[in-house]
Amino acid sequence: RDPPRNERLLARIGDAAAAAISRTHGVTHRSGRIAVIIYVASGSSVDSFHGKMGIPAFALELRPQSARGGGFILPPAQIIPVGQENFEGIKSVVDDVFTLWKQ
């Protein structure tokens, strides 16, 4: 599918969020369009919010990053660190979006 018109803006916000997540505990995270870095996922909430309503939308994937790494099942010791990482990523997105709305 064609990239969105504001792909550079979305990439900047996503890259900043991935960096915030990675800084939290040193676990590397990537940013990019779902269909490019993970798999094609049509009909997601990202499609609805961004494609139909024009609202920037993001999807966060939790670690581990693959089924071989445990899929979506985390060992109890990783639950809090994953929450901390994603909290930092969400704060980054919210800060960037508020900054854009102020302009």
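Remember, predicted model here, so these are calculated numbers, not experimental data. Hydrogens, waters and symmetry mates are skipped; everything else that's a heavy atom, side chains included, is used.
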Can you list the steps and then say if Val27 with Ile21 is a side chain to side chain contact (heavy atoms under 4.5 Å, CB included)?
-> CA-CA 8 Å; Val27 177; Ile21 291 169; over 6 Å; no
Flag yes if Val93 and Leu9 sit in one hydrophobic cluster, no otherwise; membership is Ile, Leu, Val, Met, Phe, Trp, Tyr, and two members link when side-chain heavy atoms are under 4.5 Å apart.
->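 Yes: a chain of side-chain contacts under 4.5 Å links Val93 to Leu9.
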Would a hydrophobic clustering, with Ile, Leu, Val, Met, Phe, Trp and Tyr connected at side-chain separations under 4.5 Å, put Ile90 with Leu100?
->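 Ile90 and Leu100: one cluster.
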With side chains defined as the heavy atoms from C-beta onward, is the minimum distance between Val82 and Leu74 less than 4.5 Å?
->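 Yes - at least one pair of side-chain heavy atoms lies under 4.5 Å apart.
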Whether Ser22 side chain and His29 backbone form a donor-acceptor pair below 3.5 Å |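 Judged by distance alone, yes, a pair lies under 3.5 Å.
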Side chain to side chain contact (heavy atoms under 4.5 Å, CB included), paired with Ser31, selected from Leu10, Asp15, Ile13 |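 Of the listed residues Leu10, Asp15, Ile13, the side chain to side chain contact (heavy atoms under 4.5 Å, CB included) partner of Ser31 is Asp15.
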What residue among Glu88, Gln78, Gln84, Glu85 forms side-chain hydrogen bond (donor to acceptor under 3.5 Å, both in side chains) with His25?
->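 Per the side-chain hydrogen bond (donor to acceptor under 3.5 Å, both in side chains) rule, the option paired with His25 is Gln84, out of Glu88, Gln78, Gln84, Glu85.
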Can you tell me how far the CG atom of Asn6 sits from the CZ atom of Arg12, to the nearest 0.5 Å?
->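 Taking CG in Asn6 and CZ in Arg12, the distance rounds to 11.0 Å.
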